[in-house]
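The block underneath contains the structure these notes are about, expressed in structure tokens.
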Amino acid sequence: MAINPIGGINPAIAPTAIGQPSQPALKVGLEYVGKIVSFDPAGTAEVQIGEQVFGMKLGSNFVVGDVLHFRFLGSDPNPTFLLLSTGANQSAFENVILSGTSLLITQLQDEAQLQGQLSKVESLLPPLMQSPLNSQLTAAQLQNAIIMSGLFYESHLANFAKGKWPLNTLMKEPQNRPNFNASQVVNKQLDALENQTIRWSGNIWPGQPMDWQLTYEEEQSPQTVSEEGVAQTIVSVIELDLPNLGKVQARLTLRDKALSVQLKAEKSQTENLFKQELSDLKNTFNANGQELKAMEVIAHG
């Protein structure tokens with residue numbers, strides 16, 4: 001059976017009424033093809049899906065005869081569909097059935113996209129710290145923000161079963177909070193698994209938002225090789241919009257224990273300040289026992 005490509009995802013559509021209640025029930029998560037058969041005086045479209053007719057608010061850019069592609073999201077309190085695409089071939093007026101695993105993943109991803117979420121960890125907790133003055137505490141709390149984000153919950157659960165992860169720590173993760181929505185984490189886990197990247201967004205201290213991206217890379221390298229024969233690189237990119245310095249970015253690349261730092265500022269004054277303080281910054285890294293391979297200020301633009 002030919003399956004037409006699924007287009008962009010549009011907002012969920014909640015039918016105002018359903019057809020004959022005696023017809024076979026639609027199954028949550030399955031994809032269906034429907035056809036607009038008429039419009040009532042109020043502009044509500046009557047869409048036929050199988051043997052049933054549903055009233056839907058579709059907007060003015062649809063006409064009678066249009067064939068639409070839906071995913072059924074549920075019937076509580078009213079039947080609700082996700083509009084996947086338009087213009088499907090009339091011959092595709094059949095159900096498209098997915099495997100159970102694919103069905104669960106696609107449903108969770110669709111729910112996340114409907115909520116307009118990004119594939120990054122949005123911190124729902126208070127600011128990580130009250131001031132940025134303690135660098136060691138800052139590092140520990142940033143590490144904890146990633147560990148307790150819920151992205152690694154299954155791994156922590158396995159370690160708990162082995163007696164290697166405390167229950168009180170496990171209970172603090174998002175999966176054990178009231179009203180937890182799995183779609184908020186699953187799409188981020190899939191993104192992290194596919195792209196080897198974790199994105200975090202939240203307040204680093206009161207009133208100061210921060211975007212943070214961590215990327216893990218593996219590549220064969222004749223110059224820098226780990227004991228396993230693979231060059232392991234972790235790239236950490238931190239972006240802040242500071243009250244006095246403006247937008248700044250720090251890109252830290254750690255390879256084989258050697259750190260390279262690139263600083264970038266939107267304001268030319270901040271860029272000049274970075275250059276003036278570069279020597280002190282290098283000394284600070286070295287004083288804390290971090291082998292510094294390179295540090296430079298990158299011109300904005």
Distance in Å, [X] [atom1] paired with [Y] [atom2], rounded so as to fall on 0.5 Å steps:
X	Y	atom1	atom2	result
Asp211	Ile204	CG	CD1	11.5 Å
Gln213	Arg251	CD	CZ	8.0 Å
Ile49	Met56	CD1	CE	4.0 Å
Leu252	Gln262	CG	CD	9.5 Å
Lys293	Thr253	NZ	OG1	9.5 Å
Lys282	Glu277	NZ	CD	13.0 Å

Might you point out which heavy atoms bring [X] and [Y] nearest each other, and give the distance in Å?
X	Y	answer
Leu142	Met210	CD2-CE, 3.6 Å
Phe62	Asp66	CA-OD2, 3.5 Å
Gln208	Asp241	NE2-O, 3.3 Å
Gln196	Leu193	NE2-O, 3.2 Å
Gln189	Leu151	NE2-O, 3.0 Å
Asn244	Lys267	O-NZ, 3.5 Å

So, the side chain of [X] versus the backbone of [Y]: is there a donor-acceptor pair under 3.5 Å, distance only?
X	Y	value
Gln175	Gly150	yes
Asp40	Ala42	yes
Thr270	Leu245	yes
Gln48	Gly50	yes

Legend entry - Asn176 vs Tyr153 side-chain heavy atoms within contact, under 4.5 Å: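 In short, these two side chains touch, coming nearer than 4.5 Å.
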Inset, instruction - May I ask you to check whether Tyr32 and Phe81 place their ring centers less than 6.0 Å from one another? - result: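 No, they do not, as the ring centres are separated by 6.0 Å or more.
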Examine [X] and [Y] and state if one hydrophobic cluster contains both, with Ile, Leu, Val, Met, Phe, Trp and Tyr joined whenever side-chain heavy atoms are less than 4.5 Å apart.
X	Y	value
Ile198	Ile147	no
Val237	Leu263	no
Val235	Tyr216	no
Met295	Ile298	no

